[in-house]
Amino acid sequence: MSAVGQEANAGTTPVREAYRFDEAVLARWLQANVADYEGPLTVEQFKGGQSNPTYKLVTPARSYVMRRKPPGELVKGAHAVEREARVLSALSATGFPVARVHGLCTDAGVIGTWFFVMEMVEGRIFWDARFPQVAQAQRPRYFDAMNETLAQLHRLDHEAIGLADYGKPGNYFERQIARWSRQYLDDTDAGRDAGMDRLIEWLPANIPPGDDETRLIHGDFRCDNMIFHPTEPRVLAVLDWELSTLGHPLADFAYHAMMYRMPPDIVAGLGGTDVEALGIPSERDYVAAYCARTGRAAMPAYDFYLAFNFFRMAAIFHGIKGRVIRGTAASKHAQERARCFPRLVALACGQMDACR
C-alpha cells in the first residue's frame, strides 16, 4: 500500500531468501512454453508489497513479469494466480489495458507453486494519489484516464467474454458485509471495537436498492495499481487482479473514489489535500464523470458505498492487527498498518453517520 511510499515499492531487488526457487528449472519451462523466449535468464523481485510474489524475468531480448503463489501453507481460495491469468486473458481479447499473458503453470513441481508469466509493460506507476510528478495543468487528464478506464471495465459484458462463472451474481453487499463481519468477529486476538460493532449491525440493514447489479469488478482499483504511458495521460495496464470478481460496480467505483477521503499516509489518498490547488478534479465532478460514462443520472447511495468500503478496509487492517499480535505478519509494514485500524473505523463510522 502507498503508505510505505514510492522508494520502498518501486523497482526491483535481488530475490529475497524466502522466495527463491530453481531459476534453471524456470528457464527450461519458459523455453518450452513461451513463444520466442531466448535466454539466458536473470531473475529479480519487485519491491512492492504484493501478496503474490512478483518477479522481473530479464533476457537479452525482452523482460517478462512472473506472478506466483507464495510458498508455504495458504488459506483456501487465496492467492489464486490462475484466476488472475484467466481474467487478464479475457480482458486482453477485448482491448482493455492489461498485460498479455504468455503462459500459466499449474504444476507446483516446477518452482514450488503455481505461477503465470505475462508481458512487461513499460511505463510509470504513481504511488502518490496527488501525482506530484505531473504538471498541474496535466493532472485532470490523468484523473480522467483513471475514471474512463474503470468505467470501461464496468461497461464490459462479462458473460460475452467468457467470465459468466467468475463469481456469484447479485447480493454483493450482503455477501461481502457478512464475509468481513465474520472475519472481524473470528479474530479474537485483535479484539473488538465499538465502531466496528455498530457498522456490523447497521450496514446489512441499510443496503440500498439495486444490490443485484453485477459487473466484472477489479476490487483494488487505485492509482498505484496502474501503469501509465511514459509521457502521456493514458493507462497502459491495470495491475493486481487478485481481488477481481463479479460484484457491484458502484462498490468498485466507490473504493477507487475513496481516495478523496483517505489520508495519504494510510493508502494512496487525497484526504486533507486542497485538490483544487493541485488541479485535481473535485470529488463531485469525478463522480459525475463516472456516472455520465456509465449511463447513470446520479449515485444517490454514494455515502453508503463509501461506508461499506471503509468498513471493508478496516476489517482487512483488523486482520493485519491480529497477525501482528500472533507474530505471523509477513510484511515489515504490518505494525504501521495495524496502528491505522482505529482511524479507518472512524472514517467508516463517519460515512455511516452521513447516511442518516
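Residues: numbered from 1 along the sequence shown.
Among all heavy-atom pairs drawn from Pro60 and Pro40, the shortest one is CD-O, 3.4 Å. In plain terms, the two heavy atoms of Gln136 and Leu278 that are nearest each other are CG-O, 3.4 Å. Shown here for Gly219 and Arg312, the closest heavy-atom pair between the two residues is O-NH2, 3.1 Å.
In this structure a side-chain-to-backbone donor-acceptor pair under 3.5 Å is missing from Arg67 to Tyr55.
If you check the side chains of Gln31 and Arg28, you find no donor sitting under 3.5 Å from an acceptor. Under 3.5 Å, the side chains of Glu283 and Tyr302 contain a donor-acceptor pair of N or O atoms. Side-chain N/O atoms of Gln133 and Asp128 include no donor and acceptor closer than 3.5 Å. With no hydrogens or angles considered, a side-chain donor-acceptor pair links His154 and Asp252 at under 3.5 Å. Between the side chains of Ser244 and Tyr166, a donor-acceptor pair is found at a separation under 3.5 Å.
Relative ring orientation between Phe126 and Tyr142 is described as perpendicular, the plane-to-plane angle rising above 60° on a 0-90° scale split at 30° and 60°. Classification of the Phe221-His256 ring pair by plane angle, with boundaries at 30° and 60°, yields perpendicular. Ring geometry, His248 versus Tyr305: the interplanar angle falls from 30° to 60°, so the pair is classed tilted.
Within 6.0 Å of CD on Glu38 lie no more than 12 heavy atoms contributed by other residues, nucleotides or ligands. Within 6.0 Å of CD on Glu201 lie no more than 12 heavy atoms contributed by other residues, nucleotides or ligands. More than 12 heavy atoms of other residues, nucleotides or ligands sit less than 6.0 Å from atom CZ of Arg175.
Placement of Leu156 and Val87 within a single hydrophobic cluster is found when ILVMFWY residues are connected by side-chain heavy-atom separations under 4.5 Å, directly or transitively. One hydrophobic cluster holds both Met226 and Phe46 under the rule that ILVMFWY side chains link at heavy-atom gaps under 4.5 Å. The cluster map of Ile, Leu, Val, Met, Phe, Trp and Tyr, joined by side-chain heavy atoms under 4.5 Å apart, puts Val238 and Leu243 in different clusters. Residues Phe116 and Val58 do not share a hydrophobic cluster, defined by chaining ILVMFWY side chains whose heavy atoms lie under 4.5 Å apart.
For an aromatic pair to be called close, the ring centres must be under 6.0 Å apart, and Trp29 with Phe115 satisfies this. Between Tyr255 and Phe308, the gap from one ring centroid to the other reaches at least 6.0 Å.
When side chains are defined from C-beta on, Ile266 counts as touching Leu344, because their heavy atoms get closer than 4.5 Å. Looking at heavy atoms from C-beta onward, Asn52 lies in side-chain contact with Pro70 at the 4.5 angstrom threshold.
A salt bridge does not link Glu84 with Arg68: none of the charged nitrogens is closer than 4.0 Å to a carboxylate oxygen.
Under the side chain to side chain contact (heavy atoms under 4.5 Å, CB included) rule, Phe311 has a single partner from Leu347, Leu306, Leu199, Val345, which is Leu199. Results of the side chain to side chain donor-acceptor pair (under 3.5 Å) test with Asp187 over Arg323, His318, Lys321, Arg326 single out Arg326 as the only residue that passes.
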Under 3.5 Å, side-chain donor or acceptor atoms of residues 93-110 against the rest of the protein: list the pairs with distances, not counting sequence neighbours.
from	atom 1	to	atom 2	distance (Å)
Thr94	OG1	Leu91	O	2.7
Thr94	OG1	Phe96	N	3.2
Asp107	OD1	Gly109	N	2.9

Got a list of side-chain donor-acceptor pairs under 3.5 Å for residues 144-151, not counting sequence neighbours?
from	atom 1	to	atom 2	distance (Å)
Asp144	OD1	Arg293	NH1	3.0
Asp144	OD1	Arg293	NH2	3.0
Asp144	OD2	Arg293	NH2	2.8
Asn147	OD1	Tyr290	N	3.4
Asn147	OD1	Arg293	NH1	3.0
Asn147	ND2	Tyr286	O	2.9
Glu148	OE1	Arg293	NE	2.9
Glu148	OE2	Arg155	NH2	3.0
Thr149	OG1	Ala145	O	2.7

Query - salt bridge (Lys or Arg N to Asp or Glu O under 4.0 Å) assessment of Glu232 paired with Arg124 - result: CA-CA 10 Å; Glu232 300 173 12; Arg124 292 175 295 170; over 6 Å; no
Query raised in the report: Going through the checks in order, is the side-chain contact (heavy atoms from CB on, under 4.5 Å) test met by Phe173 and Gln176?
Result: CA-CA 5 Å; Phe173 289 107; Gln176 283 284 303; 5.8 Å; no
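Note that CG of Asp220 and CG of Leu239 are 10.5 Å apart. Values are rounded to the nearest 0.5 Å.
Listed by chain and residue number, Arg198 satisfy the salt bridge (charged side-chain N to carboxylate O under 4.0 Å, His left out) test with Asp353 (two or more places apart in sequence, or in another chain).
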